[in-house]
Amino acid sequence: MCEKKKNLILAFESSCDETSVAIIEDGHKILANVTATQINSHRRFGGVVPEVASRHHIEQITDCIATALAQADVTYEQLDAVAVTYGPGLVGSLLVGLTAAKAVAFAYDLPLIPVNHMAGHIYATRFVSEIKFPALALLVSGGHTELVYLPAPNEFKIIGETRDDAAGEAYDKVGRVMGLAYPAGKEIDQLAKQGQDTFNFPRAMEKEDNYDFSFSGLKSAFINTLHHANQIGEELSKVDLAASFQQSVIDVLTLKTIKALNNFECQQLILAGGVAANSGLRARIEEELKAFPTVELIKAPLKLCGDNAAMIGAAGYVAYQAGEVGDLSLNANPSLEFDWID
Ligand code: KG4
Ligand code: ZN
């Protein structure tokens, strides 16, 4: 006889350019995690075009739901709740996932759990380990770069964030001037492994007494270096450019993270978001954490670093336990943010 499945959450993620539907059991077991990516469609524009993204979400979402239910061998009637990303993200994209989630919640009389996309990225690590509090999260994605303090389950307090570009955005912008396909993070990471930090690009805000970041100066320095070389007909080493850029990003991310670990008591450091897939960043943080033997490092699994609905289901489970339930008036909030620490 097959075991009864418990606490089944149907989760939706559609904040940017991935349409994803997952079914999560007990908050940490993935029964299905189906993602339709639109990257090939946006590549020709060198970035995500919001109107194109919404249209693709509409085209994909019902198929993703059907595939997820089939893969998990679950019917709508067996579900316990519906979780959905309601921000931050592109409003037209968010609304597609939100509307689908509301439709299922209404039709099957299920609780609707609103999930912050960034909480989702943090809870992607729930699939490798339980989260022990207090914890610190370094969240690095295409849209956000922030250090978040987690005093208790479902509580998120920003202690620092980027003042301009997100780390992933900087990767994608310098990738574009290097002639790489969007999104360029993974390819720059590969190139960086073969090169050396010969350009010594700036490390922004290193000496400032805060946990904030800035990547626009680095991006400009990189672009100016490349343009100047082009003007004088000089060919620069692609691998050294990539290694130099990446080293600068890793240095500042690591420096501020270590500073936070020195000032906030934490049991764990969580590394999450699309840029957390970066091999150089993962290795460097691991190395630096040796100086903090009481802090456990939890890295989001590589296949769950990018946007996906499984992470939304994991975060939704915790939000639901904390009593966070929305109703059918729930709206998308494109600029949703965690609160700052007091
Ligand atoms: O979290 P995510 O999937 O989407 C957002 O919520 O933004 O992050 C996507 C970002 C892109 O900017 C992409 O270039 C970057 O993650 N990325 C990487 C790597 N893999 C993906 N950046 C650096 N190194 C990587 N290996
Ligand atoms: Zn994301």
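First listed ligand is number 1; within each ligand, the first listed atom is number 1.
- Residue Y123 holds its OH atom at 14.5 Å from CD1 of I24, rounded to the nearest 0.5 Å.
- Contacts of H121 with ligand 1, taken as heavy-atom pairs under 4.0 Å, involve the side chain alone.
- The shortest N or O to N or O distance between S279 and ligand 1 is not under 3.5 Å.
- Between I250, D172, V275, L304, it is D172 that holds the heavy atom closest to atom 12 (O) of ligand 1.
- A side-chain donor from one of S279 and D189 sits under 3.5 Å from a side-chain acceptor of the other.
- Under the 3.5 Å distance criterion, with hydrogens and angles disregarded, a donor-acceptor pair is assigned to the side chains of Q38 and H42.
- Residue contact check: G168 has heavy atoms under 4.0 Å from atoms 12 (O) of ligand 1.
- Taking a cutoff of 4.0 Å between a charged side-chain nitrogen and a carboxylate oxygen, E206 and K256 do not qualify as a salt bridge.
- Under a 4.0 Å N-O distance rule, the pair E288/R284 qualifies as a salt bridge.
- In the candidate list A276, A124, G142, G142 is nearest to atom 7 (O) of ligand 1, counting heavy atoms.
- The residue among N308, D307, N278 with a heavy atom at the shortest distance from atom 4 (O) of ligand 1 is D307.
- Counting protein heavy atoms only, atom 22 (N) of ligand 1 is closest to G185 CA, 3.4 Å.
- Nearest-heavy-atom check against atom 21 (C) of ligand 1 across G274, G120, G306 picks out G274.
- Residue H121: an N/O/S atom is found under 2.8 Å from the Zn ion (ligand 2).
- Salt-bridge formation is detected for the pair E296/K132: a Lys NZ or Arg NE/NH1/NH2 atom is positioned less than 4.0 Å from an Asp or Glu carboxylate oxygen.
- Heavy-atom distances between A277 and ligand 1 reach below 4.0 Å in at least one pair.
- Salt bridge annotation for E169-K173: present, with a cationic side-chain nitrogen under 4.0 angstrom from a carboxylate oxygen.
- Every N/O-N/O distance between P183 and ligand 1 stays at or above 3.5 Å.
- Judged purely by distance below 3.5 Å, without hydrogens or angles, the side chains of N308 and E18 never pair a donor atom with an acceptor atom.
- More than 12 heavy-atom neighbours from other residues, nucleotides or ligands sit within 6.0 angstrom of NZ on K193.
- Residue contacts with ligand 1 for H117 involve side-chain atoms from C-beta outward but no N, CA, C or O (heavy atoms, distance under 4.0 Å).
- The angle that D307 OD1 and H117 NE2 make at the Zn ion (ligand 2), rounded to 10°, works out to 100°.
- Side-chain polar atoms of E13 and S15 form a donor-acceptor pair below 3.5 angstrom.
- Counting the atoms of ligand 1 from 1 in the order shown, those under 4.0 Å from a heavy atom of G143 are 7 (O).
- Nearest protein heavy-atom contact of atom 26 (N) of ligand 1 is D189 OD2, 3.1 Å.
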